[in-house]
Amino acid sequence: MQKIFETIKEVALQIDQLIVNEDTGYVDGTNATGDQQLKLDVACDLLIEKAFSGNPEVCALISEEKEEVMQCHSEGKYTLCYDPLDGSSIVDANLAVGSIFAIYDGAPSGETLAGAAYVVFGPRIELVTVTRGESPLRYRYTHGAYQPFHPIALQEKGKLNASGGSQKHWQEKHMAFIHGLFASGYRLRYSGGMVPDLHQILVKGGGLFSYPSTTDNPNGKLRVLFEVLPFALIFEAAGGEAIDEKGRPLLELTVTHPHARTPCFFGSHHEIRMLKEAYGVA
Ligand code: AHM
Ligand code: MG
């Protein structure tokens, strides 16, 4: 798996160059889940495909930007699932965006997730990696190299609150819960990019990120394989929790379709406890 993390470090620098230099307009058509694709989404996807398809450890690639699973080396141990450039809708506003990687040992599911990583392309590049059973490692790219940076560790309780989806489409219990958090002093921090939004909660020591089921998206918006499960592993490894609306750990999810979605909640223990009570799943 170390070789995969090393390749992520290299490919992240190439993605950064694409973000800086490439056209941010749309291509004709949509991706596998019906989202409009940026030329940048497609270019980042191809870069990652090129970087990993020759790695004999990788048996298959599953990308947010590809409809089909791409088979690679039949002897390979790992299925690599990735969102090449998360935050397509905010890249034109020049906000921070990210890439997310999940490394599955065999057929992808919460149980087989062996490692994960994400890269934040903000004013600086940061990388967080995790191997199951170990603490997350954080790096910042400075002076031409990835330098180990302050470790990520969640406190029991945080101060930040980020909930996705349109309020018009939230369930009443979600609305009441979120209002309750604000009334008790939580601050809103939501950019519309899950990588920088979750990274902020992780580096500031806690809080809650929600993407609930909504009346327009009953399964939520975020994709299990390459958005939800990798962050679930990282939150648990950082001393937090990641659950679905029934209060089940996201890492217990089985996966029925490469582009399946699920409602999801990532946070420190206190906020997850409050959420379970509000949703009646404590
Ligand atoms: P994308 O993969 O098309 O960029 O969509 C995923 C993004 C997440 O980064 C973010 O958390 C979410 O969509 C925001 O959605 P919303 O605007 O509905 O809150
Ligand atoms: Mg995405």
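Atoms within a ligand are numbered from 1 in the order they appear, just like the ligands themselves. Just so you know, these numbers come straight off a predicted model, no measurement behind them.
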| Between Glu49 and Lys66, is there a salt bridge with N-O shorter than 4.0 Å? | yes

| Any side-chain donor paired with an acceptor under 3.5 Å for Gln171 and Thr214? | no

| query | Just checking, any donor-acceptor pair under 3.5 angstrom between side chains of Glu10 and Thr7? | reply | no

| query | Is the NZ or CZ atom of Lys39 positioned over Tyr26's six-membered ring, under 6.0 angstrom from the centre and within 45° of the axis? | reply | no

| task | Mind jotting down which residue pairs meet the ring pair (Phe, Tyr, Trp, His ring centres under 6.0 Å) criterion with at least one end in residues 182-218? Sequence neighbours excluded, please. | result | Tyr118-His199

| query | Any ring pair (Phe, Tyr, Trp, His ring centres under 6.0 Å) pairs touching residues 52-82, not counting sequence neighbours? | reply | none

| Donor-acceptor pair between Ser63 and Asp45 side chains, under 3.5 angstrom | yes

| request: Would you please classify the geometry between the Phe265 ring and the Tyr279 ring as parallel, tilted or perpendicular, with 30° and 60° separating the classes? | output: perpendicular

| Hey, which protein N/O/S atoms does the Mg ion (ligand 2) have under 2.8 Å? | Glu64 OE1, Asp83 OD2, Asp86 OD1, Glu227 OE2

| Side-chain ion pair, Arg248 and Glu252, N-O less than 4.0 Å | no

| Listing by chain and number, which residues have a heavy atom under 4.0 Å from ligand 1? | Asp35, Glu64, Asp83, Asp86, Gly87, Ser88, Gly164, Gly165, Tyr190, Gly192, Gly193, Met194, Phe209, Tyr211, Lys221, Leu222, Arg223, Glu227

